[in-house]
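Just so it is clear: chains get the letters A, B, ... in the order the sequence lines come, proteins before strands, and each one is counted from 1. Computation of the quantities below employed the complete heavy-atom set of this structure, encompassing side-chain atoms and omitting hydrogens, waters and symmetry-equivalent molecules.
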Amino acid sequence: MDPSGIFSTSYRADRRLVRTRWQAAALALFIIVMLAAPYLVSGRIIAVLNMMLISAVIAVGLQICTGYAGQINLGQAAFMGVGAYTAAILASKTGLTFVLTIPLAGFAAALFGFLFGLTAARIKGFYLALTTIAAQFIFHFAVLNLPSSWLGGSNGVTVPAAELFGLRLVTETQQFYMNLAVAALMVAGAFGIIRSRFGRAFVAVRDDDVAAGIMGINVAATKANAFLIGAFYAGVGGALWAYMIRFVGVDQFTLFHSIFFVAMIIVGGMGSIVGALVGVFIIRTIQEVIATVGPNIADSVSFLGGDIVFAGMNVILGGVIALFMILEPKGLMHRWNILKSSYRIWPFPY
Amino acid sequence: MRDQIRDSVGASVASPLAVRGATLKFGGVTALDNVSITVRDDELLAIIGPNGAGKTSFLNVTAGFYRPQEGRVELFGQNVTGLRVDQIARRGIARTFQGTHLFAGQTVIENIMVGRHTLMKSNVIQAFFHYGPVMREETEHREAVEEIIDFLEIEPIRNRAVGTLGYGLRKRVDLGRALAQEPSILLMDEPMAGMNAEEKEDLARFILDVREARKIPVVLVEHDMGVVMDLADRIVVLDFGRVIAEGTPEEIQKDPAVIKAYLG
C-alpha cells in the first residue's frame with residue numbers, strides 16, 4: 001500500500017519498486033555509503049562486508065528457489081561449491097578473465113542445480129529436502145574421489161587473483177568493488193525476475209500447483225527452473241568466494257553452510273528479496289560478533305578451554321535462529337511491512 | 001489456433017469440446033461410464049446430477065487431471081487425451097474451481113496476471129535485465145487485466161492479497177483469472193456453491209455477460225437447480241457415471257428418469 005498522496009498515473013509507474021521520494025533518497029544514500037565504505041570503515045569491516053555481499057548473492061538465489069517457488073533446497077552450498085570450483089579451475093588452468101569465469105561458474109552450477117530440480121517435479125517437501133542433501137554429498141564425494149589432478153582432491157585448488165586489463169584485484173577494497181558490482185547486478189536481476197511472468201509462475205506453483213497447471217504453467221519445468229536460477233546465483237556467489245579466498249576446498253561448502261543460507265532467508269522473511277538481504281546482514285553480523293567475542297571469553301575464562309567456548313558460541317547462534325523462528329516465524333520483513341502499513345493508515349486500525 | 005483448426009477440419013465437424021465414450025474407473029468404482037458429451041458453439045451447457053454422479057470427474061477428464069481408461073477428449077476436432085494439464089490449458093480450456101484455488105500469497109492483480117502467463121513471451125534473461133520490451137509487455141497485459149477487473153467490478157480490491165478476501169470476491173477473482181487466459185471454452189465447477197443469494201445473482205450476471213462479450217461456450221457443473229434452469233441453454237444429467245438425460249431445461253424438468261434420480 002502506498003502512503004496517501006502517492007498516485008500512479010500509468011501502469012509502468014504502478015510497477016515501480018521505488019515509489020516515494022523518501023525511498024529514492026534512502027536508496028541513493030545507501031548506494032553512496034556503500035561506494036564510500038572503504039574510506040569510512042576499517043579493513044576488518046570491509047572483509048566482513050565482502051562476506052556479506054557474497055552471501056547476499058547466494059541467499060537471494062535461495063530466496064527465489066525456496067522463498068518464491070517454494071522448493072526446499074538444502075544444497076545451496078553445494079551449488080556454490082560447483083561455481084567456486086568452476087571459477088577456480090578455469091582461472092588457474094586456462095587463465096580466463098573473471099568477467100567470463102563468473103558467469104560460466106553460474107552456468108555450471110545452474111546445470112548441476114537443474115538436475116536436482118528435475119526431481120522436484122515428482123517429489124515435494126521433506127523428500128525433496130533429502131534429495132537436495134544428496135547434492136551436498138555427491139559434490140563432496142566427487143571432489144574428494146575424482147583424480148586430484150582434476151579438482152585438487154582434498155588439497156583444494158589455489159585461485160589466481162581476479163584480473164581486469166592488467167589490474168590485479170588483490171586488496172580487500174578492490175575485491176569489495178567487484179563484489180558490490182556483481183551483487184548489485186544480481187539483486188537488480190532478482191527483482192526483475194520476480195516482477196516478471198516467471199516470478200508470478202514461481203509463486204503460483206508454490207501456492208497451488210493444481211491451479212498453476214490449469215493456467216497453462218508447466219509445473220515441473222517451473223520447479224526445475226527455480227532450481228536452475230537459484231543455483232546460478234549460488235554459482236556466481238561461489239566464483240566471487242573463490243576470488244576472495246584465493247583458495248577453494250571441499251569443506252568450505254558443507255551442509256552446515258547450506259543450513260545457514262536457509263536460516264538467512266527465514267530470519268529475513270520468506271518470499272522477499274529485501275528479506276534475504278536483511279537475513280544475510282543479521283546472521284553474518286551475529287557470526288562476526290561471536291567470532292570477535294569468542295576468543296576474549298576463551299581468554300578470560302581459560303579454565304573452560306577454548307573448545308567449549310567455541311562450541312557454546314555455535315549453540316548461541318543456533319539459539320538466536322531458533323528464537324527468531326518461534327517469535328517471528330514469517331521473518332523480519334513481515335514485521336516491517338506491518339509496521340509500515342500501520343504507520344501509513346494511522347490513526348485508523350485498517 | 002481456433003480458426004486454424006476450424007479451417008482444416010471444417011466448422012460443422014469440430015465442436016469446441018467433445019468427450020467421446022469416456023470411461024474412468026478408480027479401482028472398483030466407475031466414476032464415468034461411457035460418457036459422451038458434445039459442447040456446441042457459444043452455448044451454456046449445464047451438467048447436473050446427484051452427489052457422486054461423476055460431474056467433477058467429467059471436468060477433470062476434460063481438463064486433463066485424470067486420464068480416462070477408455071474414450072477420448074477432443075478440442076476443436078483435435079485429440080487431446082493424455083496431454084498434460086498445462087498443454088490442454090494452452091489449447092484454450094480455462095477452468096474455475098469448486099471452492100477456490102487462488103494463489104494466496106499474491107494480490108488480485110497478480111493472480112489475474114498469472115492467467116496471462118502463456119500469452120506473454122519474454123524469456124528469463126530478458127526478465128533478469130527487465131528493460132524496454134519486458135516493461136512494454138507487462139504494461140500491455142496489465143491493460144487487459146484491468147479490463148477484466150473493471151468487468152468483474154473488483155477495482156477497490158485490486159491490490160489486496162487474495163488471502164484476505166471473502167468467499168464471494170474470491171470466486172470472482174477465480175473467474176477473472178480464467179478469463180485472463182482468453183480461453184476458447186470455459187469450464188466452471190460449482191461456481192455457486194457456498195454463496196448467498198446476492199452473490200449468486202452477481203455471479204450469474206457475470207456468467208451471462210461473459211457469454212455475451214466473449215462468445216465462448218461455457219460448461220457449468222452446478223447443484224443449484226434454480227440457477228441451472230435459469231441460465232442453461234442445454235442440460236446434461238449424469239447419474240452413477242452415466243448420461244441419463246439431455247435436453248433443454250423444460251425437457252429436463254419433465255424427464256421421468258431425472259425425477260427418479262433426484263427423488264430416489
Less than 4.5 Å apart, side chain to side chain, heavy atoms only: is that true for Val60(A) and Met186(A)? no

Can you tell if the side chain of Val267(A) reaches within under 4.5 Å of the side chain of Leu332(A), non-hydrogen atoms only? yes

Option in Val205(A), Ile194(A), Ile217(A), Val203(A) with maximal non-hydrogen atom pairs under 4.5 Å from chain B: Ile217(A)

Pick from Ala190(A), Gly271(A), Ala212(A): which one has the most heavy-atom pairs with chain B under 4.5 Å? Ala212(A)

Name the region of Leu102(B), side chain, backbone, both or neither, that has any atom closer than 4.5 Å to a heavy atom of chain A. backbone

Where on Ala188(A) is there a heavy atom nearer than 4.5 Å to chain B: the side chain, the backbone, both, or neither? backbone

Please classify the contact of Ile229(A) with chain B as side chain, backbone, both or neither, using a heavy-atom distance under 4.5 Å. side chain

So which N and O atoms of chain B and chain A form donor-acceptor pairs under 3.5 Å?
from: His101(B); atom 1: ND1; to: Asp208(A); atom 2: OD1; distance (Å): 3.2
from: His101(B); atom 1: ND1; to: Asp208(A); atom 2: OD2; distance (Å): 2.6
from: Ala104(B); atom 1: N; to: Asp207(A); atom 2: OD2; distance (Å): 3.3
from: Gly105(B); atom 1: N; to: Asp207(A); atom 2: OD2; distance (Å): 2.7
from: Gln106(B); atom 1: NE2; to: Arg200(A); atom 2: O; distance (Å): 3.4
from: His117(B); atom 1: O; to: Arg197(A); atom 2: NE; distance (Å): 3.2
from: His117(B); atom 1: O; to: Arg197(A); atom 2: NH2; distance (Å): 3.2
from: His117(B); atom 1: ND1; to: Arg197(A); atom 2: O; distance (Å): 3.4
from: Met120(B); atom 1: O; to: Arg197(A); atom 2: NE; distance (Å): 3.3
from: Met120(B); atom 1: O; to: Arg197(A); atom 2: NH2; distance (Å): 3.2
from: Ser122(B); atom 1: O; to: Arg197(A); atom 2: NH1; distance (Å): 2.7
from: His130(B); atom 1: ND1; to: Gly192(A); atom 2: O; distance (Å): 3.1
from: His130(B); atom 1: NE2; to: Arg15(A); atom 2: NH2; distance (Å): 3.1
from: Glu138(B); atom 1: OE1; to: Arg200(A); atom 2: NH1; distance (Å): 3.2
from: Glu138(B); atom 1: OE2; to: Arg200(A); atom 2: NH2; distance (Å): 3.2
from: Arg142(B); atom 1: NH1; to: Asp14(A); atom 2: OD2; distance (Å): 3.1
from: Arg142(B); atom 1: NH2; to: Asp14(A); atom 2: OD2; distance (Å): 2.8
from: Gln181(B); atom 1: NE2; to: Ile214(A); atom 2: O; distance (Å): 3.0

Measuring from [X]:[atom1] to [Y]:[atom2], what's the distance to the nearest 0.5 Å?
X: Met113(B); Y: Leu119(B); atom1: CE; atom2: CG; result: 10.5 Å
X: Leu152(B); Y: Ile112(B); atom1: CG; atom2: CD1; result: 6.5 Å
X: Leu44(B); Y: Met188(B); atom1: CG; atom2: CE; result: 9.0 Å

Taking only residues two or more places apart in sequence or in another chain, which ones pass side chain to side chain contact (heavy atoms under 4.5 Å, CB included) with Ala226(A)? Ala69(A), Phe202(A)

Please tabulate, one pair per line, all N/O donor-acceptor pairs under 3.5 Å involving side-chain atoms of residues 108-118 of chain A, not counting sequence neighbours.
none

Between the main-chain N or O of Gly49(B) and the side-chain N or O of Lys55(B), is there a donor-acceptor pair closer than 3.5 Å? yes

For the candidates Ala89(B), Ala63(B), Ala180(B), Ala94(B), which exhibits the highest count of non-hydrogen atom pairs separated by less than 4.5 Å from chain A? Ala89(B)

Residues at least two apart in sequence or cross-chain that pass side chain to side chain donor-acceptor pair (under 3.5 Å) with Glu43(B), listed by chain then number, are Arg234(B)

